[in-house]
Amino acid sequence: MILAIETSCDDTCAAVIDGPRVLSNVISSQAAAHAHFGGVVPEVASRHHVELVNPVVDAALAEAGLGLDDVEAIAVTVRPGLIGALLVGVSTAKALAAATGKPLIAVDHLLGHVAASWLEPEPLEPPFLALVASGGHTLLAGVRERTGFELLGSTLDDAAGEALDKAARMLGLGYPGGPEIQRAAAGGDPAAFAFPVAMSRDPGLDFSFSGLKTALVYAVRAIEQEAGPEGSEAAVAARRADLAASFQAAVVDQLIAKVGRALDAAEKAGERWPALALGGGVAANSLLRERAGELCERRGIRLKLLPIELCTDNAAMIGAAATGLEPLAYPGYLDLDAAAASRRVPA
Ligand code: KG4
Ligand code: ZN
């Protein structure tokens, strides 16, 4: 039984897991506090975590029907993320562990997104290929064991979710942008605008979304100029569904193209990934899920889709990642630091 805490960005999360079973998974979203700014404000996030972390931990234990004494270890996200936000979780975890004499397990947030796949329902064990696409990260991971993953490719600029968030802002939609774009895209034509599927000719497994964002800026500007100063806002609103649908399709096309290439690369090297797992907030996207389903069917491999609450940031995935890692005993973990940047997770 592990109590896990996650505060790397703007969600204050705590969960209790028992092997692959999620006994509780409490997420207190701060989205409303940041919506007004169109993105996460680090200092606002830290202050909210300070207020929320203890009630969220209490709620996770209560929902699991357990007390602190019942858990074997405390797991916490130590990197990467907003440093002030991470520190709230790390300090809380250290205090709880030290006060109860439990070991502490330090978890990388990205391994957490990968590890969400080995939770119920229908747990997936390594080996598998994982696509993690969130507001802060976009990467392809080769997962061969529970202790870490091989980084096969990552974004050279914006993350996929970040691109969707920025696009939503450009189109006058709310935050977070991914679900807003998906909603707006439902009534639009994905072929209305020919946005570049970046990196499609690049043989590597890295991603890039900044060119796509620039293409959207130009498309919006062209519509505004054609309409003139009086009607520009209405003209963009009239094309919003088509712009959203075309942008979403270009993001998803790039993600799927790179997954396909990673499957090819493994086969060329005499290896075969028997399954694909999607993780991170963007894995909640229904077009991505659909296209990944088609790809896996064509390739004859298993597709592991997570329930939405395990895609976006949560602490159950941090608990899952902790099951493959070495617990740290008191007092060794007291000088453990949070870190803003990711460290390469050893494969
Ligand atoms: O994993 P996550 O909760 O936090 C980070 O670690 O970043 O991911 C949040 C990101 C945001 O950029 C949000 O716009 C995106 O996931 N997202 C979606 C959807 N739901 C959330 N993107 C596309 N479609 C969705 N349905
Ligand atoms: Zn995340």
Side-chain angles (χ1 to χ4, degrees), residues 4-13 15 25 27-31 34-35 37-40 42 45 77-82 85-86 89 107-117 130-139 141 154-155 158-171 173-186 188 190 207 209 212-213 244-245 247-256 277-292 305-318 320-321 340-342 345:
I5 300 172
E6 147 67 44
T7 62
S8 68
C9 191
D10 63 337
D11 292 317
T12 316
C13 316
N25 190 19
I27 301 165
S28 178
S29 170
Q30 303 176 10
H34 300 277
F37 302 101
V40 176
T77 309
V78 294
R79 63 175 178 269
L82 303 170
L86 285 165
V107 178
D108 183 292
H109 181 82
L110 299 174
L111 182 61
H113 276 301
V114 166
S117 286
L131 170 69
V132 176
S134 72
H137 310 275
T138 298
L139 59 92
S154 60
T155 183
D158 288 350
E162 185 181 3
L164 288 162
D165 291 340
K166 288 177 180 170
R169 206 179 326 164
M170 268 181 247
L171 297 178
L173 297 166
Y175 171 84
E180 296 279 336
I181 293 269
Q182 179 174 317
R183 217 167 295 134
F207 303 87
F209 295 97
L212 182 55
K213 189 181 60 190
F247 190 86
Q248 177 181 247
V251 169
V252 170
D253 279 350
Q254 186 184 156
L255 294 172
I256 292 294
L278 301 185
V282 179
N285 184 268
S286 49
L287 181 66
L288 178 62
R289 286 171 168 246
E290 192 184 308
R291 297 285 309 279
L305 291 176
L306 297 166
I308 307 289
E309 67 275 13
L310 292 178
C311 289
T312 49
D313 285 351
N314 66 87
M317 70 183 195
I318 301 303
S342 195
V345 184

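Ligands are counted one by one from 1 in listed order, and the atoms in each one are counted from 1 as well.
Nearest heavy-atom pair, Ala277 versus Ser117, reported as atom, atom and distance to 0.1 Å: CB-OG, 3.2 Å. Across Ala159 and Gly136, no two heavy atoms sit closer than the pair CB-C, 3.6 Å. Heavy atoms only, all atoms of each residue included: Asp108 and Pro80 are closest at OD1-CD, 3.9 Å.
In terms of polar-atom proximity, Asp11 is not counted as a contact of ligand 1, lacking any N or O under 3.5 Å from an N or O of the ligand. Between Gly280 and ligand 1, a contact under 3.5 Å exists for no N or O pair. Taking only nitrogen or oxygen atoms, main chain and side chain alike, Gly136 reaches within less than 3.5 Å of ligand 1.
Inside a sphere of radius 2.8 Å centred on the Zn ion (ligand 2), the protein N/O/S atoms present are His109 NE2, His113 NE2, Asp313 OD1.
Considering only non-hydrogen protein atoms, atom 22 (N) of ligand 1 sits nearest to Gly178 CA, 3.2 Å. For atom 12 (O) of ligand 1, the closest heavy atom belonging to the protein is Asp165 OD2, 2.8 Å. Scanning the protein heavy atoms around atom 24 (N) of ligand 1, the nearest turns out to be Asn285 ND2, 3.1 Å.
With a 4.5 Å cut-off on side-chain heavy atoms, Leu305 and Leu278 count as touching. Counting only heavy atoms from C-beta outward, the side chains of Phe247 and Leu164 approach each other to under 4.5 Å. Using a 4.5 Å cut-off on side-chain heavy atoms (C-beta onward), Asp11 and Asn314 make no contact. The side-chain heavy atoms of Thr77 and Ile5, taken from C-beta on, include no pair separated by under 4.5 Å. Counting only heavy atoms from C-beta outward, the side chains of Asp165 and Arg169 never approach each other to under 4.5 Å. At least one side-chain heavy atom of Leu139 sits under 4.5 Å from a side-chain heavy atom of Leu110. Side-chain contact check for Val132 versus Val114: some heavy-atom pair is nearer than 4.5 Å.
Listed by number with element, the atoms of ligand 1 under 4.0 Å from a non-hydrogen atom of Thr312 are 1 (O), 3 (O). Within ligand 1, the atoms closer than 4.0 Å to a non-hydrogen atom of Gly161 are 12 (O), numbered from 1 in the order shown. Those atoms of ligand 1 with a heavy atom of His109 less than 4.0 angstrom away are 6 (O). Those atoms of ligand 1 that come under 4.0 Å of a heavy atom in Leu164, given as number and element, are 22 (N), 23 (C). Here is the list of ligand 1 atoms found below 4.0 Å of a heavy atom in His113: 1 (O), 6 (O). Remark: ligand 1 atoms within the under-4.0 Å shell around heavy atoms of Ala284 are 20 (N), 26 (N). Here is the list of ligand 1 atoms found below 4.0 Å of a heavy atom in Gln182: 24 (N), 25 (C), 26 (N).
Atom CZ in Phe207 sits 6.5 Å away from atom CD in Gln254 (nearest 0.5 Å).
Asp313 is linked by a side-chain hydrogen bond (donor to acceptor under 3.5 Å, both in side chains) to His109, His113, counting only residues two or more places apart in sequence or in another chain. Among residues two or more places apart in sequence or in another chain, the side-chain hydrogen bond (donor to acceptor under 3.5 Å, both in side chains) test is passed with Lys166 by Asp158, Glu162. Listed by chain and number, the residues in a side-chain hydrogen bond (donor to acceptor under 3.5 Å, both in side chains) with Asn285 are Gln182, Gln248 (sequence neighbours excluded).
At a heavy-atom cutoff of 4.0 Å, ligand 1 is contacted by both the backbone and the side chain of Asp313. Here His137 has no heavy atoms under 4.0 Å from ligand 1, in either its backbone or its side chain.
The residue from Ala168, Gly135, Gly281 that puts a heavy atom closest to atom 20 (N) of ligand 1 is Gly281.
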